[in-house]
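Naming convention: chains lettered A, B, ... in sequence-line order (proteins, then strands); numbering from 1 in each chain. We use all heavy atoms of the structure for the numbers below, so side chains are in, but hydrogens, waters and symmetry mates are not.
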Number of protein chains: 2
Amino acid sequence: MNDRRREPGQSSGQNSGQISLADIAAEAGVSVSTVSRIANGDLGRASAATVAKVQKLIADRGYRPNPIGRSLRGGDSRLVAMLAPNLDNPAMAAIAASTEAALRAAGYVMILCDTHDRSDLQDEYLRAMRSRFAEGFIVVSAVASPELEASLERGEPIVFVNRRNPYGGGPFIGIDNRQAGADAADHLLTCGVRAPAVIHPADLSSTIRERVEGFLDRLRERRPDMAVRRCDGAGTNHLDCGHAAALRLAADGGWPDGILCPSDLMAYGLFRAAGEQGVRIPEDCRPVGIDDNDLNDWIAPWLSSVKIPYHRFGDAVVASLRDLRAGNSVGEVLLDHRLVRRRSGSSMAGDPA
Amino acid sequence: MNDRRREPGQSSGQNSGQISLADIAAEAGVSVSTVSRIANGDLGRASAATVAKVQKLIADRGYRPNPIGRSLRGGDSRLVAMLAPNLDNPAMAAIAASTEAALRAAGYVMILCDTHDRSDLQDEYLRAMRSRFAEGFIVVSAVASPELEASLERGEPIVFVNRRNPYGGGPFIGIDNRQAGADAADHLLTCGVRAPAVIHPADLSSTIRERVEGFLDRLRERRPDMAVRRCDGAGTNHLDCGHAAALRLAADGGWPDGILCPSDLMAYGLFRAAGEQGVRIPEDCRPVGIDDNDLNDWIAPWLSSVKIPYHRFGDAVVASLRDLRAGNSVGEVLLDHRLVRRRSGSSMAGDPA
DNA sequence: ACAGTTTAGGCAAACGTTTGCCATGTTCAA
DNA sequence: TTGAACATGGCAAACGTTTGCCTAAACTGT
């Protein structure tokens with residue numbers, strides 16, 4: 001017997017209690033290779049007796065392959081990194097939760113990184129995750145950054161969510177944002193809105209731009225003579241930004257009777273501004289959001305919003321990632337959205353319908 | 001020169017583009033050990049010329065130590081696992097976001113695992129993370145589970161957040177829940193509430209129990225003759241549960257004029273129930289929550305709530321984790337809370353104060 | 001001049017895994 | 001009887017890192 005083998009059971013010090021291949025091998029009196037092969041289901045390389053013995057030992061001792069050793073060897077790490085701009089945003093939390101569940105079901109572990117929408121942090125995480133052998137990246141609301149460009153050039157598997165690849169191409173999970181904007185426009189017209197408006201952040205992401213354009217185009221198409229006011233707002237987040245934009249809009253021509261908020265958070269910002277000025281929502285000013293956070297059903301009965309099925313994003317992301325790693329060319333996946341109408345006034349007298 | 005050395009620049013195949021110690025060593029014409037030592041700041045072991053040459057190469061080629069190799073060696077992995085019950089809960093998202101930022105600042109990477117409050121998933125993640133050499137665990141709202149018990153017995157570094165260690169002891173980050181409940185009681189009394197009530201989930205966690213007890217004790221202490229109604233509600237989440245409990249309460253004696261909702265989500269559930277029944281919040285029924293989600297400032301001006309400083313949890317967690325790993329005994333950290341009063345009625349006419 | 005010390009740096013083992021290749025021993029067909 | 005084919009399983013390299021120990025050469029003090 002090889003005298004360098006450890007005694008069974010007493011494992012290697014700092015590795016607190018984990019059973020290794022060597023432990024099993026020593027106890028079974030076979031080599032590490034044999035155990036490795038059996039553990040990986042290659043049963044043809046050992047006698048039935050050996051296979052049975054080793055399998056029993058694996059089960060008894062609760063051996064589980066160490067993913068670190070595996071990754072180092074160059075195999076798979078079962079690690080996927082998700083880069084999200086901001087966990088505080090309920091929409092991001094919903095995407096993260098659904099993706100985590102889908103990845104787990106597929107046998108992966110998700111590492112979540114909060115990039116705060118900063119390209120330097122995005123770069124730092126891309127580097128850190130690459131050297132941890134992440135098998136894939138899920139980038140939510142990507143921003144352009146040198147490391148992202150480098151990753152794309154190397155052909156690393158990256159799935160873009162919510163915002164398209166700033167360098168073009170690549171798999172994308174999202175919705176038809178132009179159509180969502182158009183649906184919002186239809187909704188406002190149906191509600192009899194005469195003087196609609198739209199607010200948006202000062203620096204437009206592609207996502208927001210598409211929503212706004214879809215909205216404006218549809219209005220122009222259906223009501224060529226209708227004037228649509230447009231206003232942007234400063235602020236690091238959509239809440240502040242919606243608030244600021246609404247105040248500017250009000251100061252600069254009064255409140256519109258209907259308004260597109262291209263994200264629910266902006267609608268929340270507008271809601272606060274309206275409260276500050278005694279404007280009733282939705283009676284005086286009817287907002288329509290895009291996102292439809294789950295919380296709306298509970299505490300924002302005044303907000304109609306285009307529901308984005310964030311809870312279904314996870315499966316789509318994992319499917320794209322799998323295709324990508326299999327070498328198939330993967331395109332865009334646009335999931336269905338639909339407008340959710342809510343009609344309760346601020347009076348809080350719930351609409352029983 | 002050692003003929004097994006790789007040529008500089010052409011790295012090892014599947015390891016897509018990562019620079020390794022061997023690459024730097026080959027290019028510098030020194031051994032891997034020397035580069036490793038210099039990279040780790042051990043400058044006394046090489047001549048000034050060598051140090052300079054290697055350092056320049058490290059900077060030029062952008063070498064970054066591979067954490068996988070490092071962990072395998074038994075060193076530190078810089079990986080910390082956070083197990084959270086439910087990312088959809090804004091409070092959890094806030095904890096996750098702040099912890100992530102604090103860990104990042106301390107040079108760690110956080111792996112986020114969503115346990116859905118299930119002990120089997122909690123166990124699965126504990127196992128998976130242990131074998132990935134996670135250096136520590138942050139368990140938010142822990143539930144009892146075999147693997148958790150095993151981890152505690154092995155003395156692994158675990159910090160409990162929001163809910164105490166079900167097996168007792170251990171570092172804990174949270175607030176003084178009894179005091180928070182008492183503060184909520186004081187608030188309702190100050191507002192002139194005559195017939196208060198409290199709702200809570202059917203199965204009480206320690207956290208919720210303490211809040212409810214603190215509330216009831218304080219009411220008993222200040223108004224020994226006041227009857228306080230109490231009602232629980234079913235539901236997998238606090239939204240449903242608050243909704244169900246409020247409806248039961250209303251059916252079983254009418255709406256109270258003040259009510260403790262031991263989490264903001266329960267208050268949201270109550271709000272919806274009130275809307276369905278035409279009850280005005282807070283005029284007819286004044287709720288007080290605990291959590292004070294950030295969104296309250298924007299869309300729940302009717303909810304006074306005890307603010308839990310989730311945004312400061314991250315630093316406390318990281319400090320505890322560090323102490324724990326340093327071998328110091330670490331106790332509870334109770335952060336300050338304070339009640340945030342909001343007075344706007346459902347009329348939405350904002351309170352300018 | 002010689003022993004002792006310092007300086008500079010290489011060797012090799014170890015962490016846990018996977019896998020190509022080699023080495024036995026057995027069976028089978030011509 | 002002699003190959004060939006097959007069954008069984010071990011050896012060793014490789015992944016990237018860290019570190020205890022070793023070896024030279026150069027330098028120091030006497």
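Between A/Arg78 atom CZ and C/dT17 atom C1' there is a gap of 16 Å when expressed in whole angstrom units. To the nearest angstrom, C1' of C/dT17 lies 14 Å from CD1 of A/Ile24. For A/Tyr63 and C/dT17, the OH to P distance is 3 Å, given to the nearest whole Å. To the nearest angstrom, C1' of C/dG9 lies 10 Å from CD1 of B/Ile38. For the pair A/Asn66 CG and D/dC15 P, the computed distance is 19 Å after rounding to whole Å. In this structure, A/Asp23 atom CG and C/dC15 atom C1' are separated by 12 Å, rounded to whole Å. Put simply, CG on A/Leu72 is 18 Å from P on C/dA13, counting in whole angstrom units.
Using a 4.0 Å heavy-atom criterion, one finds that B/Ser47 contacts the sugar-phosphate atoms exclusively. Counting non-hydrogen atoms under 4.0 angstrom, B/Thr50 reaches the backbone sugars and phosphates but no base. Among the protein residues, A/Leu21 comes within range of the nucleic acid bases, having at least one heavy atom under 4.0 Å from a base atom.
The side-chain contact (heavy atoms from CB on, under 4.5 Å) search around A/Arg118 returns A/His116, A/Asp120, A/Leu121, not counting sequence neighbours.
Proximity of B/Ser33 to the phosphate of D/dT19: no side-chain N or O atom is located under 4.0 Å from OP1 or OP2.
Residues of residues 39-46 of chain A that place a heavy atom closer than 4.0 Å to DNA chain C, in numerical order, are A/Asn40, A/Arg45.
In this structure, B/Arg127 places its CZ atom where more than 12 heavy-atom neighbours from other residues, nucleotides or ligands lie under 6.0 Å away. Atom CZ of B/Arg78 has more than 12 heavy atoms from other residues, nucleotides or ligands within 6.0 Å.
One finds the CE atom of B/Met82 at 10.0 Å from the CG atom of A/Leu112 (value rounded to the nearest 0.5 Å). The CG atom of B/Asn86 sits 8.5 Å away from the OG1 atom of B/Thr115 when rounded to the nearest 0.5 Å. The line from OG of A/Ser151 to CD1 of A/Ile158 is 4.5 Å long, rounded to the nearest 0.5 Å.
Map A/Ser71 and A/Val51 each onto its nearest nucleotide of DNA chain D; the residue landing nearer the 5' end is A/Val51. Remark on DNA chain D: of its neighbouring residues A/Thr34 and B/Ile68, the 5'-side contact belongs to A/Thr34, judged by nearest-heavy-atom nucleotide. Residue B/Arg37 is the one, among B/Arg37 and A/Pro65, whose nearest nucleotide of DNA chain C lies closer to the 5' end (criterion: closest heavy atom).
Checked by atom type, the side-chain pair A/Ser33/A/Ser36 shows no donor-acceptor distance below 3.5 Å.
Set against D/dG16, D/dG10, C/dG9, the side chain of A/Ser31 has D/dG10 as its closest nucleotide.
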